[in-house]
Each structure stands twice: as C-alpha cells, then as structure tokens.
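Okay, so here's the structure we're looking at.
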Amino acid sequence: MNVFHRYTEHVCQAVETLVRAGAIATRPDLARIVVEPPREASHGDLATNAAMALAKDAGMKPRDLAEKIAAELSKRPDVVKADIAGPGFINLTLDPAVWREALSDAIRAGADYGRSALGANKPVNVEYVSANPTGPMHVGHCRGAVFGDALANLLAFAGHKVTREYYINDAGAQVDALARSAFLRYREALGENIGPIPEGLYPGEYITDTGTEISARYGNKLRNQIEAEWLPVVRDTAIANEMARIRSDLAALDIKHDVFFSERSLIEGPVDRVGATIDWLRQQGHVYEGRLPPPKSGAVEDWEDREQTLFRATAFGDDVDRPLKKSDGSYTYFASDIAYHKSKFDRGFRDMIDVWGADHGGYIKRMKAAVRAVSGGEADLDVKIVQLVKLMRAGVEVKMSKRSGEFVTLRDVVEEVGRDAVRFMMLYRKNDAVLDFDMAKVIEQSKDNPVFYVQYGHARGHSVFRNAAEVVSGLPQDARARADMLSRVPLGRLDDSAELALMRKVALFPRIVEAAAQAHEPHRVAFYLYELASEFHAQWTRGNAAPHLRFIIQDDPELTLARLALVQGVVTVFASGLGLLGVGAPEEMR
RNA sequence: GACCCCGUAGCUCAGCUGGAUAGAGCAUCAGCCUUCUAAGCUGAGGGUCGCAGGUUCGAAUCCUGCCGGGGUCGCCA
C-alpha cells in the first residue's frame, strides 16, 4: 500500500477515535479526506484537508477540528510533528524512516512498483486509432494511437482488465471508393492508360500494389465484369492490404490491439446485427419513423425533407434525434456504431473509452446517448478527444494538403525521429490541447528536449551503477540481483534534504498512476517523470560543488550503498513510468 | 445560429477533479566544468489565471452571461 493511502487511513482512524471519545459530536463522511504532498516542502511531508472537509459535518470550526485531529495524529510514533496552517490544513512531518521504508518497498516491487488494485479487475474497453483502411496512417492518427495505447497501459497497471480495440471502418462509401481506385490501378497494371484519378477516388500511389496484385491473381478476368461483380472482390483485397499497411505502421510505433473489429461483420455476418440492434431499440421505444428539421449549417444543397428511421437521441441527452438509414436504405455510420457499442456491452464491458480526433467532437453526445440506450443506463462511455498536431520542423510548420495526397505519414515521422520521441511528445501535453510537434527539436540531445531529459535520467542512474562497482566490490552485475541487494541495505544515512525529497518523489509515483488512470490522463505520468528527472539531475550536479553529496563515495561503501538504493528507486520509477508511456528506457545514451 | 474544446508569466505549457503566498521549461539577467558524462545545475526578475457576475469558510478549478481563438453541425467515416 502506498504512503498516501496509509496516512489517509491514519487520519480516518484519528477521526474515528475522536468520534468514539465524543470529541466530535456527529460522525462525518470520511470520503472527502485527501492526504497529499504539501504545496511547499517547508510545510512538512504530508498535508491533509481533513479538518476543512469534515468541519461542516462535525459542526465545528475547521481550525478547532484540526487541533483535535492533529493532537490525535501526534500520538503516532512516526509523526514527528502535526502543524495547523492556513484555513485548517494539517501538515505532518514524518520520521524519515517512513520514506526510507517506502524506498525499500519500491525497490523490492521493481517493475511492479506503482501497480494498483484500483481497477478491481473490472473490464474496460479502450477503442483507439480506428482509422479508415483507405490509406497509410498520417501524423494526425499518431496522437490518438499513442494516447490510447498509453491509456490502456495505464489502466491495466491500475488494475483494470483492459481490452484494446480497433474498429475497422470497412463498410460504407469510403471503402467502395478505395475499391474503385484499386480497380483503376488494376487496369493500369494490365497496361491500360487510366489517365488522372477522378475526383472522389484515392489518388495515392500506394494503391498500385493492390492493382498489381489483383492483375497477377485474376489476369483479365475482372476487367469486363460489371462493377457489382468485381467490386466486392477488389474491395476485400484492397482492405486487406491497407489493414496490413496500417498494422505495420502501428507496429513501428509499438501500438498494440487485442481486437480488430470489422464494421462489415456487423452487417454481413450470419445475422444483421445493425438491423437487430435497430429492432431492439424500436422495441424499447427508442427508434421511430419521423422527420427532422433541416441542418443549420446552410451548406446542405441536397437537403430533402422525408420521413426516416430515427434514434431518439434527445431522450438520452443529445440535441436532435439521429438518422439510422440513408435514402438508399443502407445504414448510416452511426447505426453501425450503435450496434458496435452494443456489442461491447454484450461482451461484458460496462466501462468504455473511445479515443477520437478533434473533428469528431460533434459526435460525442449522440454516441453517449446511444450507449445509454443500448445498455439501459448500465454502461459508461468516456470519449477522449485528441486535438490536432501541428507538425513543425525547426519552428516552421510543415504544410500538408489532403487533396494533393501530400501528407507526412506516420512512418515518415517515426523513421525520422524515432518511436520514443514521437510517443513521449504526443503524451507530453493534455489530450484536449493542440500540440506542436517539432521534428527537429525532439531529436535534440539537450535539456530542452523532455524525451532526452527523462531518458538521460534513467541512463545516468545506470551510469552510477557501472561506476560504483569499483567502490562496492560485491555489487551484482545482474539487475535483479542488484535490486534485491539494494532493497535490503540500511538507509539510515540518507538524511540530506534533497535525498529525502527524491525519496518522497519516488513514493509519489503510485499516487500519480492512480490519479492519471482515474482521470484517463496519461500525460500526468509524463509530467511526473520530467519532474523526477529534474530532481535527480539536480542532485547529481550538486555533487560537483559538494563532493560529499555524490552518489559514490570512494572510502564509504556503506553510504554509497544507501545512495545506490536511492538511485535504484529512481531508476525503477523511470523504467516503470516510461514503460507505461511505451517509451524506451535506455541504460546508456549514444 | 447551435454544440464541443481552448484562453494561466514575453513564449510553450502544468496546476493532483474546490484548498495555503498560482508552478515548470524556454527566453532575459547573474553565476557554476582538473566531474560519479556540463548531454547538466544554482539564483533573480516576470502573472488583475480572457472579462463580469454567482455558488461558499475558500474558486485558475463549479454555475451563468459576455469577449477572443479553434473545431463540428452531410444520406463522410
């Protein structure tokens, strides 16, 4: 159990004791109690808002209540001091042994340090990427991919049973356009001059592969067929090829999925699950035939007022009811998506997270409404929007144009700057804020580059281990053996204030993991790691001017061992935290 | 016109779901290398948290209304 949980319990116990003794008249609700690091280090080790949070329930003034709780907490042998400050904060100064023990615990836990049971093994479905299989992934897809992947890592680490899912949009007009584009390339492969690719089709060169493949497999056979005959054949091959390309792009970024879910399978499987879902909703009274007011955008020329099949989204918080069928009788994208989310519910997910690009923001309300409807209010959908990425090179924006097919692919970026830089920088920003991604800056080996700065912290720790072998003769080479040894060394000599601060920072990691998982915000881990790196580098450099603060003290193996334990704790957190982000933790910078 | 995001130091951004004197990096200025890698560190200056109300012991954080920037509003996905 982490330090913060433990002291939250101690505070609760103190309050319970006071209630039993009659010092507090009414039993307050303890859930609001927070134990956190104080704003300023000078305030002590931990701070709690307990007195302020409970004052109202207890019918007491915050500071009066604080006095009593503080007095109770002072009785603990590990509490050196319990001060009251400001409006009623209780600041605890702890015996440093608490932090030393926390450090030993961290080392002992190793790769599992920070792992939490918060999720109670509850299933959660995280859907991310879900790019159309109509072409290579471009940088725009990158952020959602990395975000979703890191969020899934984080939730798993925080004790959820995570399923990572990709929804393949392999039905609808876009993949038909892909098929037509591939058919042109097929004719081209057979020697025909196809001229320019018509408007509405995909001009990308990449489709020639599929054209060549089809010509090799079918020869002239498809050429004289009518579209209804060749289209499904060409489409299947084209989609398979594009999905293979996407999977390979994802692999380059180390993005993983457990389930690739085909939209087409919902419609063309053994049963029409979209139709079944609509029928089911109709039985529940959530689908009806009706008319809609025209769109407000004013840009719709072919608007046609007609009676159509509508989902009663307004009953679940949306602004208007939403169509489920197009005029040609086929399902709208939304209809499929409802069936898809119903499938998630039927597969046992009560917690769903969808990661979407900023351009889909207007779709959130209706999807949440749909999930409410198909789950009878039992399931919760959180939609995380990742904002645009502005691609830069040395401060100059890299312009991309969809029309000319001139866009920077995900693969280009990964090849230019590396997986680690892409992943870290995509996470070094809140998901709903626009992100500038400078390809020149992220490969810079300097403190201005957060990726490097954090990785260097990890490498620097290992550099200490390499150098320490001369002073500590018995220091094991093997990482596990070393950690095992360091988890047992006496830490009493770690008494420098900066060393204690580092120990506190290490002890904070589990709390960061839980908060980030709860908020669905992996960027918090990235920022935390940056702060940890900052403190670690600072402590290192202090050793320049003050040699007695160096990690390795030539004639003092005992002190050296204690400090190596501190380094081990820091390194453990770097490795663990970077692992959550899917960023490598190198032992040497080259 | 409606809905969604954003607005915090000159710049780029955090701010732990309502707590203390609002933080970090860059930039500026003043310092630190015969070292456990200076690929780094220390210190200083710099803010009416877009504006105006409200909720309460307490608001950058929650509510309402404005202002500015971006996105979306199609039988595209």
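Note on naming: letters A, B, ... go to the chains in the order of the sequence lines (proteins, then strands), and numbering restarts at 1 for each one. Source: prediction; values computed, not measured.
Base orientation of B:C4: anti, the glycosidic angle falling outside 90° of 0.
Between A:K384 and the phosphate of B:C4, there is no side-chain N or O to OP1/OP2 separation shorter than 4.0 Å. Using a 4.0 Å cut-off, some side-chain N or O of A:H523 falls inside it from OP1 or OP2 of B:G15. Of the side-chain N and O atoms in A:K441, none sit less than 4.0 angstrom from OP1 or OP2 of B:C26. In this structure, A:N467 reaches the B:U37 phosphate: one of its side-chain N or O atoms is under 4.0 Å from OP1 or OP2. Checking the phosphate oxygens (OP1, OP2) of B:U37, a side-chain nitrogen or oxygen of A:S463 falls inside 4.0 Å. Proximity of A:Y453 to the phosphate of B:C41: a side-chain N or O atom is located under 4.0 Å from OP1 or OP2.
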Base-pair map of RNA chain B as dot-bracket, where | denotes pairing with a different strand and pairs are Watson-Crick or G-U under 3.5 Å: (((((((..((((.....[...)))).(((((.......))))).....(((((..]....))))))))))))....
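Between the side chains of A:Q174 and A:N169, no donor-acceptor pair is found at a separation under 3.5 Å. Side chains of A:D354 and A:Y167: no donor on one and acceptor on the other come within 3.5 Å.
Relative to the ring axis of A:F334, A:R322 does not place its NZ or CZ within 45° and under 6.0 Å from the centre.
Contacts of A:F551 with the nucleic acid, taken as non-hydrogen atoms under 4.0 Å apart, include base atoms. Within 4.0 Å of A:N449, counting heavy atoms only, lies no atom of the nucleic acid at all. Residue A:K365 is in sugar-phosphate contact alone, with no base atom involved, counting any heavy-atom pair closer than 4.0 Å across all strands shown.
Straight-line distance between the P atoms of B:A22 and B:G45: roughly 14 Å, to the nearest whole Å.
Taking atom CZ of residue A:R429 and atom C1' of nucleotide B:A24, one finds them 12 Å apart after rounding to whole Å.
Taken residue by residue, residues 57-66 of chain A places no heavy atom nearer than 4.0 Å to RNA chain B.
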